[in-house]
There are 2 protein chains.
Amino acid sequence: MNLKQLAESLNLSQTTVSRALNGYPEVREETRARVLAAAQAANYQPNSRARRLATGRAMTIGHVIPLAGKTEMVNPIFADFLAGAGEVYANEGYDLLLSIVSDGEAERAYRQMAANGSVDGVMVQSPETDDTRIALLRELGLPFLVHGRTQNPDGYSWLDVANKSAFRKATNFLLDLGHRRIALINGQENLDFAARRRAGYAEAIWSRGMAPNPDWMRADVMTEGFGYVAASQMLDLAETPTAFLVSSVIPAIGVRRAVVERGLVLGRDISLVTHDDVLSYMNNDADGPAFTATRSSIRGAGQRCAEILIDLIRKPNQPHVQELWETELTVGRSTGPAPAG
Amino acid sequence: MNLKQLAESLNLSQTTVSRALNGYPEVREETRARVLAAAQAANYQPNSRARRLATGRAMTIGHVIPLAGKTEMVNPIFADFLAGAGEVYANEGYDLLLSIVSDGEAERAYRQMAANGSVDGVMVQSPETDDTRIALLRELGLPFLVHGRTQNPDGYSWLDVANKSAFRKATNFLLDLGHRRIALINGQENLDFAARRRAGYAEAIWSRGMAPNPDWMRADVMTEGFGYVAASQMLDLAETPTAFLVSSVIPAIGVRRAVVERGLVLGRDISLVTHDDVLSYMNNDADGPAFTATRSSIRGAGQRCAEILIDLIRKPNQPHVQELWETELTVGRSTGPAPAG
DNA sequence: CCATATGCTCAAAGCGCTTTGAACGCAGCT
DNA sequence: AGCTGCGTTCAAAGCGCTTTGAGCATATGG
């Protein structure tokens with residue numbers, strides 16, 4: 001069933017039927033009701049391909065997600081972010097076009113999207129401190145929103161978590177508990193969020209007249225295995241950390257494994273604070289939060305990012321939207337006063 | 001730059017330019033070269049909206065992913081599956097349309113995709129033992145492929161892992177090590193894969209003249225927390241299991257936590273076998289596999305599923321494709337002979 | 001009573017491609 | 001010279017919508 005047939009069956013023109021369905025005011029209410037009823041009965045849905053050509057809008061938003069590193073890992077954060085954004089897209093009538101590309105191919109994907117008009121805008125995730133995608137998208141004239149930001153966050157729209165202050169707070173929290181040997185298990189530090197977290201951590205330590213110790217700092221793709229290996233190595237040093245600051249619940253689980261394996265008790269012998277993205281399958285709340293954490297829902301961020309991006313698409317030429325989310329430190333059972341000695 | 005302009009700039013008709021670009025044979029090679037060069041120079045990309053309308057093909061494949069349960073969790077398996085499938089789609093020139101819906105809304109999403117022609121086919125994941133989506137999609141006439149299958153796996157195309165035999169083998173492996181009290185930490189058993197795994201587990205136990213003990217069987221959404229809680233409860237029973245069979249690495253991590261927390265050693269006091277979907281961030285291979293596991297890459301499945309589905313779309317009216325993948329049992333450090341007593 | 005406005009409806013153009021059917025020029029054959 | 005066939009190119013139709021501009025009643029006001 002297409003518009004032409006529907007119109008014929010109603011003895012109306014395509015124009016009138018189209019307008020009735022799309023809520024235009026110049027249709028008599030009685031006519032509109034008739035049209036709506038017939039459309040319903042025939043299960044008529046306008047052909048999206050035709051509609052997109054006619055309107056010049058793709059009603060689609062692109063997410064290009066790069067496979068990281070040699071092993072081409074999928075950042076688990078993407079799933080929850082997509083879930084949040086996807087929900088909003090669906091409500092607003094937008095489709096979500098997912099393009100999964102090997103690391104170097106992102107640029108080609110964006111160029112193609114811009115040239116063939118398959119999307120109205122794109123979402124950019126996990127920017128590096130100096131991310132080339134931003135200049136590219138600006139040049140392409142494609143509306144975009146960055147989740148996170150770059151070192152120089154001017155001239156484009158973004159939504160980010162206050163990573164530096166979160167990790168400064170978390171570090172201070174541990175310092176206040178008497179910890180002096182605090183390790184940082186970070187994400188890859190070419191990524192802006194990780195760089196900022198490191199800066200917050202370092203700032204807090206410097207501000208107490210101490211210096212960060214490179215032996216207690218490690219950064220890599222945030223897997224459980226990385227957390228385990230990094231913590232294991234540090235716990236085997238002559239001078240071991242008494243506390244760990246970790247960038248995600250996933251490596252935190254690995255850190256916990258290393259701690260427990262050595263017969264140490266978390267929250268007594270060793271303290272651990274993690275950032276918690278509130279990932280679906282990494283619940284930190286079985287009975288009260290297991291980990292003390294700076295928390296910020298990646299899914300919530302996805303929702304808000306989608307709202308902003310759609311608004312950017314609908315109203316071009318508006319000033320850049322820049323939104324910074326503070327985190328709160330939730331105290332769980334993984335922290336306690338520094339052990340004596 | 002559109003086709004018309006490109007054609008004018010070349011003093012050719014749109015027909016010829018279109019044919020040259022699309023590799024039709026009735027174009028002189030010299031002309032084709034000229035056209036290709038000009039297209040390249042102008043960075044011309046055919047407008048995908050127009051092309052889709054003209055060809056009647058969407059060149060898009062839909063994935064509808066439901067948010068599970070009241071907490072609307074995102075199954076972490078989807079991310080890796082998407083990565084595998086997305087790679088193949090990109091190579092074959094297909095777009096991936098992702099529709100994320102609350103649990104009851106999947107049907108509406110499929111109906112809409114079918115009616116408005118936004119996709120050429122859809123991928124179905126995580127089917128229940130008696131999944132209503134299959135009848136629906138057959139009725140809608142939309143090509144589809146199921147990753148997994150239903151209780152009655154006839155009359156449609158699917159690709160599945162041999163879950164029952166995998167868990168039969170794994171259970172036998174534990175039985176052969178002398179274990180008699182084997183627990184099953186399963187996924188939700190309305191899902192077909194979980195039902196089959198349970199059947200394989202039960203079959204192995206019955207075949208040794210024993211009966212499965214309901215106290216040692218639990219099924220739920222496969223989170224780390226669920227694994228932890230289920231194992232903790234079982235380890236606090238009067239009669240505790242000596243081995244755990246777990247449906248995914250994620251709850252397996254929780255089980256390990258419960259075990260270690262009680263001062264027990266995995267592979268000595270307690271054995272654990274898990275199914276390993278080879279998820280990106282849940283690597284089981286730091287230095288030799290930590291967990292003994294039945295292994296099957298969800299990402300590899302995504303790739304193969306994409307290939308099959310595209311083939312189904314390109315050549316309709318072919319017989320159903322049904323592919324069953326065997327798993328291998330990889331022995332890691334989490335299993336050992338049953339402790340005496 | 002005419003001019004103007006208003007409410008509703010329609011025919012037709014247009015979105016940017018692909019594809020059909022026709023046409024042209026030229027070689028090869030009769 | 002005429003016919004056929006081949007290689008190459010083109011004009012035009014069509015995909016299924018939206019949107020423009022026009023038209024026809026009927027109401028409104030001077």
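On a predicted model such as this, the values are computed, not experimentally measured, just so you know. Naming: A, B, ... by sequence-line order, numbering from 1 per chain.
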D:dC10, D:dC17, C:dT18: which one has an atom nearest the side-chain heavy atoms of B:Leu12? D:dC10
Can you find a side chain N or O atom of B:Thr16 that sits less than 4.0 Å from OP1 or OP2 on D:dC10? yes
Of the candidates D:dG16, D:dC15, D:dA11, the side chain of A:Ala54 sits closest to D:dG16
Closest to the A:Gln14 side chain, choosing from D:dC10, D:dT18, C:dT18: D:dT18
Candidate nucleotides D:dT8, D:dC17, C:dC17, ranked by approach to the side chain of A:Arg51 - the nearest: D:dC17
Both B:Glu29 and B:Leu53 contact DNA chain D. Which one's nearest nucleotide lies toward the 5' end? B:Glu29
Any side-chain heavy atom of B:Arg49 sitting closer than 4.5 Å to one from A:Arg49? no
Once you round to the nearest 0.5 Å, how far does CZ of B:Arg138 lie from OH of B:Tyr156? 8.5 Å
Looking at B:Thr15, does any N or O in its side chain come under 4.0 Å of the phosphate oxygens OP1/OP2 on D:dC10? no
How long is the gap from CE on B:Met123 to NE2 on B:His147, to the nearest 0.5 Å? 9.0 Å
Closest to side chain of A:Thr31, choosing from D:dC17, C:dC8, C:dT18: C:dC8
Between B:Tyr89 and B:His63 (judged by ring centroids, cut-off 6.0 Å), do the two rings come close enough to count as a pair? yes
